[in-house]
There are 2 protein chains.
Amino acid sequence: MRSYGQYCALAKALDVVGDRWSLLIVRELLIRGGCRYTDLRDGLPGIATNLLADRVRHLEECGVVRREEAPPPIAASLFHLTARGAELEAALRALGRWGAPLLSTAPERDTFRAHWLALPAAEWLRDHSPESPPVRLEIRMGGTSVIMLIGAGNVAYCPVVSDAPDAVLSGKRRVVLGLLAGKLDLAQARAAGLHYQGDPQVLRRVQPLAVE
Amino acid sequence: MRSYGQYCALAKALDVVGDRWSLLIVRELLIRGGCRYTDLRDGLPGIATNLLADRVRHLEECGVVRREEAPPPIAASLFHLTARGAELEAALRALGRWGAPLLSTAPERDTFRAHWLALPAAEWLRDHSPESPPVRLEIRMGGTSVIMLIGAGNVAYCPVVSDAPDAVLSGKRRVVLGLLAGKLDLAQARAAGLHYQGDPQVLRRVQPLAVE
DNA sequence: CGGCATCCTCTTTGATACTG
DNA sequence: CAGTATCAAAGAGGATGCCG
């Protein structure tokens, strides 16, 4: 993108991350950490592969993204955020909070990846038993899933591991989101088609107070 | 811009304000309040007039901007942020904070409008004498100026009024910014070409502690 | 003058195909 | 796997025209 050429902090930020797709690339790296090129592409449905290459290169030049060349065993290089890139988290969260109400009118055909829930879920959920041993909650929607690690007072994205999580939540977008955001309690969500298997304590441990 | 089509709060926010120029339009309205079309154009050097019309219309449709039709005496309609639009302030500030370090390497030919300083200045400066009567500080750089109103513990943008401010600060971008951001104290800034006229108390009242 | 709409050119995007 | 190459379509930027 051509620079705005304005001596203004916001315009300078947009010169770096204001291109189409750029902030979504940062979202992917912020949530998932190191990503291969194909991981990024899978997390950004709709992006053209040449654009992804262009954007990543630009973000690299601007000091937002760092490329880690393949350690010999693996045949893939990994992309990470730099420290400077990770500082975009506050701006990303603020924009996400602003955009969250728009999800209620989103068309059904929107693509979806469960790991996109990691940032909002970490805001909506609380670990109400910080002293208890950590547990893992899997959330499944629209064919994908994400595992959140709950422990030590935090709720965080958990890269996929092989053994079973302590509880699994699944259902339609609206219902899962309603439950996570505290607009529905478990009974209401179940009535609307939500499935919950596993340790009932897990949900109670993180559930926000039902509002309204 | 075409929608990302992603069921993600960040992507939905970008569907609304992710177009080129959109967030800068929000910046203008956030700082200056009601603006005529030509005020907007003047605050957005480089924008094509058809693009400005397109963007404003889109923001209106999305509930971010409200158009106030001309009250009979005046021959101009005014654009405002809606309440929902004003909620973008947190995201705007976060992006601006992230972009501020980039100003130190900005090319000299960047365009400039002093009112763009209003948001960062309100973050950098503090009213250390909230009980004193309010005073006005004018900041002049690059041919434009902005007046900040200091009082009641706040530092805020002040629409231009006719009578003289209590103090006037002027000089080159770097120096004024260095002083406002607390990287230079008054003596250092003066040595670097800063001019300060008027009540010396005004600057002392708001100046951040010199850092580093 | 304020608030656009039109026309034109140039750049960017999106979709697909192809390569080391 | 990690891109590059190609190309049609959409969007941006600049100039200018129009209308109350």
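Throughout, a chain's letter reflects where its sequence line sits, starting with A, and its residues are numbered from 1.
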*Of all residues at least two apart in sequence or in a different chain, which pass the side-chain contact (heavy atoms from CB on, under 4.5 Å) check with A/Ala114?*
A/Phe112, A/Thr144, A/Val146

_Can you measure A/Met1 atom CE to C/dT11 atom C1' for me and round it to whole angstrom units?_
12 Å

*With sequence neighbours excluded, residues passing salt bridge (Lys or Arg N to Asp or Glu O under 4.0 Å) with A/Arg32*: A/Glu28

*Sequence neighbours left out, what passes side-chain contact (heavy atoms from CB on, under 4.5 Å) with A/Pro133? Give chain and number order.*
none

*So, do B/Leu169 and B/Val202 sit near enough that their side-chain heavy atoms are less than 4.5 Å apart?*
no

*Contacts of type side-chain contact (heavy atoms from CB on, under 4.5 Å), residue A/Ser104, not counting sequence neighbours*: none

*Starting at atom OH of A/Tyr37, determine the distance to atom C1' of C/dG20, rounded to an integer number of angstrom.*
15 Å

*Please report how far the helix from C/dC1-D/dG20 to C/dG20-D/dC1 bends, comparing the axis fitted to its first five pairs with the axis fitted to its last five, to the nearest 10 degrees.*
30°

_Pairs satisfying side-chain hydrogen bond (donor to acceptor under 3.5 Å, both in side chains), at least one member in residues 44-53 of chain B, at least two apart_ = B/Tyr37-B/Thr49

*Could you tell me whether the side chain of A/Leu40 reaches within less than 4.5 Å of the side chain of A/Leu29, counting heavy atoms only?*
yes

*How close or far is atom P of D/dC1 from atom CZ of A/Arg36, stated in whole angstroms?*
6 Å

*Protein-nucleotide distance (B/Asp39, atom CG; C/dG2, atom P), rounded to Å*: 8 Å

*Mind listing the residues from residues 6-31 of chain B sitting with a heavy atom below 4.0 Å of DNA chain D? Number order is fine.*
B/Arg20, B/Trp21

_Given D/dG3, C/dA15, D/dG13, the nucleotide with the shortest approach to the side chain of A/Arg41_ = D/dG3

*For residues 2-11 of chain A, pull every pair meeting side-chain hydrogen bond (donor to acceptor under 3.5 Å, both in side chains), keeping only residues two or more places apart or in separate chains.*
A/Ser3-A/Asp15, A/Gln6-B/Arg27

*By salt bridge (Lys or Arg N to Asp or Glu O under 4.0 Å), which residues pair with A/Asp199, not counting sequence neighbours?*
none

_Heavy-atom nearest nucleotide on DNA chain D for B/Arg2 versus A/Arg67: which residue maps closer to 5'?_
A/Arg67

*asked:* Using a strict heavy-atom distance below 4.0 Å, which residues from residues 45-55 of chain A are in contact with DNA chain D?
replied: A/Thr49, A/Asn50, A/Ala53

*How would you list all residue pairs meeting ring-ring contact (aromatic ring centres under 6.0 Å, His included) that involve residues 152-174 of chain A, not counting sequence neighbours?*
none

*Who are the salt bridge (Lys or Arg N to Asp or Glu O under 4.0 Å) partners of A/Glu123, not counting sequence neighbours?*
A/Arg93, A/Arg97

*A/His58 has an atom NE2; how far is it from atom P of C/dT13, in whole Å?*
11 Å

_Interatomic distance where CZ belongs to B/Phe79 and P belongs to C/dG3 [whole Å]_ = 6 Å

*Once you round it to whole Å, what is the distance between C1' of D/dG13 and CG of B/Leu44?*
14 Å

